[in-house]
Amino acid sequence: MKGDELYALLRRRGVLWPTAEIYGGAQGLYDYGPLGAKLKRRIEEAWTAWFVGLSHDYYLIEPAEILPEAVVRASGHLENFTDPEVTCENCHQAFRADTILEKVRPEGVDGLTPEQIADIVHEHRVRCPNCSSTALSVPKPFNLMFGLDFGVTGRERVYLRPETAQSSYLSFPRMWDVGRKALPLGVAVVGKAYRNEIAPRQVLFRMRAFTQTELQIFFDPSHFPLPFGRVRDESLPVVRAARRLAGSEEVEHVRAEELVSAGALPDFYVFHLVHSYHFFRDVLKLPADRLRLLEKSDQERAFYNRIQFDIEANLESLGGFKELGAVHYRGDYDLGRHGQGSGRDLSVTQTGGRSVLPHVLELTGGPDRYLWAVADLLLAQDGDRTVWRLPPYLAPVTAGVFPLIPKAHRAYALRLADELAAAGIDVQYDDAGTIGKRYARMDEAGTPFCVTVDGETVSDGPNRDTVTVRDRDSKTQERVPVASLSAHLGASTRSPRPARA
RNA sequence: GCGGGCAUAGUGUAGUCUGGUUAUCACAUAGGCUUGCCAAGCCUAUAACUCGGGUUCAAAUCCCGGUGCCCGCACCA
């Protein structure tokens with residue numbers, strides 16, 4: 001489906017819509033409706049079950065979304081997360097450097113250092129557009145973080161976090177104690193991050209307020225024990241950086257073991273790369289032939305990332321491969337920076353007396369993007385019907401409950417819907433229109449099962465107190481006793497966990 | 001942020017060039033009749049010119065600005 005077509009469908013069905021729509025919307029902000037809120041929550045729960053389930057040393061925490069200035073200074077966000085901006089010392093108005101230099105330098109200022117921009121301003125005697133003063137400052141970066149006034153005086157500077165990762169790094173000393181002083185130690189966060197993006201676009205792919213699912217694993221680089229044998233033979237659809245530099249974006253299917261032995265990647269990295277890939281393939285059920293693991297070259301990745309593969313999905317709605325998540329080997333950059341920033345040595349002493357500043361392996365991604373991918377890849381036309389083939393554990397509604405003939409079967413069906421809801425099944429009762437229409441509505445919402453109360457259900461015959469259960473994907477029906485219905489429907493609502501035994 | 005394009009009921013649209021009666025049609029939604037296991041039919045109802053300003057006797061239509069969306073570039077530590 002094309003992007004605007006898909007977005008229109010999602011809006012119509014109440015999956016999501018723009019924030020403050022009646023005021024014309026707000027760029028980069030979206031609200032999730034009933035189907036979207038539930039679907040997103042289920043995606044987040046499936047993510048947590050999968051990744052925290054990788055090891056008994058991995059934990060979920062929920063840190064605050066606001067960070068003191070010292071934190072973002074240490075992390076580098078204050079200086080790097082920016083666009084150059086010039087201020088007038090005379091009237092104190094601020095202007096973007098590229099705007100103010102439009103006439104003398106139409107090609108823009110990208111790639112120039114603040115000093116070089118200042119030289120151009122000086123050389124051309126550029127004046128302030130507001131007061132004509134030449135007292136223009138050396139360009140200061142325009143910050144892509146949302147700053148807030150904090151405390152009673154409002155003078156304390158704080159920021160909405162631009163990524164959840166920092167929160168996890170800050171938690172490390174505390175988690176070191178809580179986790180019984182052992183490495184590796186995994187800290188997972190599912191939470192909001194905020195970026196004042198210049199050009200929010202593509203709906204859920206570039207938002208100003210979005211959710212991240214991140215697992216930060218702290219480990220001793222000389223000793224990271226894990227059951228690599230379990231993933232040894234798994235094949236991964238990779239595009240290596242070297243091949244890309246040689247001009248080919250073609251996917252190679254490479255066994256995990258080969259990536260370690262011939263590909264020079266550490267086994268702990270490949271182990272987590274395999275599980276990240278499997279999350280998209282086996283948990284979100286995205287088609288394998290639409291996924292690839294794209295290695296970032298030295299030039300592309302951030303300087304502190306030693307290894308980076310992006311996990312990308314080929315999305316028709318967005319015209320190609322888009323990043324859903326990534327696995328970053330960040331070395332000891334983060335704890336080193338926060339060690340300096342806080343003045344507290346974050347290295348730890350393990351049993352046996354070995355002292356180490358832990359390295360970080362980061363598994364990151366965004367559930368907003370997962371949701372869009374799940375819509376793009378699993379929501380499709382099948383003849384004249386639209387079917388959202390969500391796995392049952394992600395579906396916002398597990399079962400629709402219908403009376404075949406409302407007049408005759410409404411009371412029974414309503415009672416059944418209440419009973420199922422009380423048993424913890426997400427059901428939706430519907431008696432509007434024809435039975436075919438109700439099935440179609442449920443297909444479009446991704447509901448895997450439809451329960452229909454018919455004449456036989458309420459008769460005295462052999463099928464008394466049985467209902468038909470119709471399967472979304474096969475459209476086949478089976479007759480199930482009402483007594484075993486909640487067990488029947490509930491069986492498929494648990495999301496997959498990684499193999500541990 | 002730059003350049004280009006676009007904006008009419010819940011969705012998709014006609015009408016805009018060339019200003020002029022009650023803004024077209026389909027689907028969707030709600031109610032009724034009928035039917036009763038895969039979006040059937042008939043009747044009825046709900047529902048829109050993105051916002052602000054200007055030109056004009058008269059603006060969905062022309063002009064200016066805001067906002068939002070799409071595409072390209074840039075950005076995405």
Side-chain angles (χ1 to χ4, degrees), chain A residues 2-5 7-14 17-29 33 72 75-85 95-99 102 106-111 141-145 162-163 165-166 195-203 205-208 210 300-305 308 310 317-319 322-323 326 328 330 333-334 337 366 382-387 400 402-409 431-444 450-456 467-472 474-477 479:
Chain A
K2 302 266 291 179
D4 20 357
E5 216 177 310
Y7 182 33
L9 174 59
L10 296 178
R11 265 177 304 170
R12 179 165 58 76
R13 288 309 308 247
W17 53 74
T19 296
E21 218 175 351
I22 61 170
Y23 285 95
Q27 241 184 61
L29 299 179
V72 292
S75 68
H77 287 93
L78 206 50
E79 46 181 314
N80 292 328
F81 226 58
T82 52
D83 262 355
E85 195 172 77
F95 309 94
R96 287 179 51 101
D98 53 356
T99 312
E102 212 161 20
E107 69 270 34
V109 298
D110 292 330
F142 159 73
N143 208 282
L144 290 172
M145 289 188 293
E163 61 176 20
Q166 299 308 321
R195 295 180 189 179
N196 198 8
E197 295 284 358
I198 298 174
R201 216 175 263 192
Q202 297 188 314
V203 196
F205 265 70
R206 186 84 65 82
M207 300 197 289
R208 289 196 165 130
F210 60 103
E300 289 171 314
R301 59 176 194 260
F303 66 92
Y304 48 75
N305 272 339
Q308 173 177 351
D310 283 356
S317 60
L318 300 179
K322 290 285 169 181
E323 178 190 349
H328 300 147
R330 302 175 60 121
Y333 175 79
D334 302 290
R337 292 285 297 213
D382 174 17
D384 58 352
R385 62 180 196 139
T386 307
V387 191
F402 314 143
L404 183 60
I405 303 171
K407 271 182 200 148
H409 312 129
D431 63 16
T434 61
I435 190 79
K437 230 170 189 178
R438 293 176 231 155
Y439 285 147
R441 272 193 285 259
M442 288 297 164
D443 287 343
E444 199 177 65
C450 289
V451 172
T452 302
V453 173
D454 61 13
E456 297 183 42
V467 290
T468 60
V469 177
R470 176 257 196 189
D471 179 79
R472 176 194 64 204
S474 66
K475 291 164 73 175
T476 56
Q477 295 184 12
R479 201 157 260 286

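Treat the numbers as computed from the prediction; the structure is a model and nothing was measured.
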Verdict with reasoning, A/R195 to A/L144, per side-chain contact (heavy atoms from CB on, under 4.5 Å):
CA-CA 6 Å; A/R195 295 180 189 179; A/L144 290 172; 5.5 Å; no
Tabulate atom names and distances for all N/O pairs under 3.5 angstrom spanning the protein and nucleotides 39-49 of chain B.
residue : atom : partner : partner atom : Å
B/rA40  : OP2  : A/T434  : OG1          : 2.9

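Nucleic acid contact class of A/P406 (heavy atoms, under 4.0 Å, all strands): base. When heavy atoms are screened at a 4.0 angstrom cut-off, A/G433 is found touching base atoms of the nucleic acid.
Following rounding to the nearest Å, A/K2 (NZ) and B/rC6 (P) show an atom-to-atom distance of 17 Å. What separates CD of A/Q27 from P of B/rC69 is a distance of 5 Å, to the nearest Å. Distance A/E300 CD to B/rC75 P: 13 Å, rounded to the nearest Å. Atom OH of A/Y23 is separated from atom P of B/rC69 by 18 Å (rounded to the nearest Å). The CG-C1' distance, from A/L318 to B/rC76, rounds to 15 Å in whole Å. Residue A/R11 contributes atom CZ, which lies 19 Å from atom P of B/rA28 at whole-angstrom precision. Taking atom CG of residue A/D431 and atom C1' of nucleotide B/rU29, one finds them 15 Å apart after rounding to whole Å. What separates CZ of A/R13 from C1' of B/rC27 is a distance of 14 Å, to the nearest Å.
One N or O on the side chain of A/R438 and one on the backbone of A/G433 form a donor-acceptor pair closer than 3.5 Å. Counting only distance, with no hydrogens or angles, the side chain of A/R208 and the backbone of A/E197 share a donor-acceptor pair below 3.5 Å.
Closest to the A/A199 side chain, of the nucleotides B/rC75, B/rC37, B/rG1, is B/rG1. Taking the side chain of A/K407 as heavy atoms from C-beta on, and the options B/rC38, B/rA30, B/rU34, the nearest nucleotide is B/rU34. Candidate nucleotides B/rU11, B/rC37, B/rA74 were compared by shortest atom distance to the side chain of A/Y439, and B/rC37 ranks first. Distances from the side chain of A/R201 to the nucleotides B/rC76, B/rG72, B/rU11 place B/rG72 closest. Looking at the side chain of A/T452, the nearest of the listed nucleotides B/rC37, B/rG1, B/rG10 is B/rC37. Counting only heavy atoms from C-beta on, A/V203 has its side chain closest to B/rC70 among B/rC37, B/rC70, B/rA30.
Taking the C1' atom of each, B/rA30 and B/rA14 are spaced 26 Å apart, rounded to whole Å. Taking atom P on both nucleotides, B/rU24 is separated from B/rG10 by 16 Å, rounded to a whole Å. When the P atom is used for both B/rG19 and B/rC57, the distance is 15 Å, rounded to whole Å. With P as the reference atom, B/rA23 and B/rA39 are 36 Å apart, rounded to whole Å.
With a 4.5 Å cut-off on side-chain heavy atoms, A/Y304 and A/D334 do not count as touching. A 4.5 Å side-chain heavy-atom check between A/C450 and A/Q477 finds every atom pair outside the cut-off.
Between the CD atom in A/E444 and the CG atom in A/L9 there is a gap of 5.0 Å [rounded to 0.5 Å].
When the ring-ring contact (aromatic ring centres under 6.0 Å, His included) test is applied to A/Y7, no partner is found at least two apart in sequence or on another chain.
Stem regions annotated for RNA chain B: B:1-7 with B:67-73, B:10-12 with B:25-27, B:29-33 with B:41-45, B:50-54 with B:62-66, counting only runs of 3 or more consecutive pairs of Watson-Crick or G-U type with both contacts under 3.5 Å.
Checking A/V453 against A/A8, the closest nucleotide of RNA chain B that is more toward the 5' end is the one next to A/A8. Of the residues near RNA chain B, A/Y7 and A/D471, the one whose nearest nucleotide (by heavy atom distance) lies more toward the 5' end is A/D471.
The aromatic rings of A/F303 and A/Y333 sit perpendicular, their planes meeting at an angle over 60°, well past the 30° parallel limit.
Residue-to-nucleotide contacts include no donor-acceptor pair under 3.5 Å from the side chain of A/E197 to the base of B/rC76. With hydrogens and angles ignored, no donor-acceptor pair closer than 3.5 Å exists between the side chain of A/D443 and the base of B/rC38.
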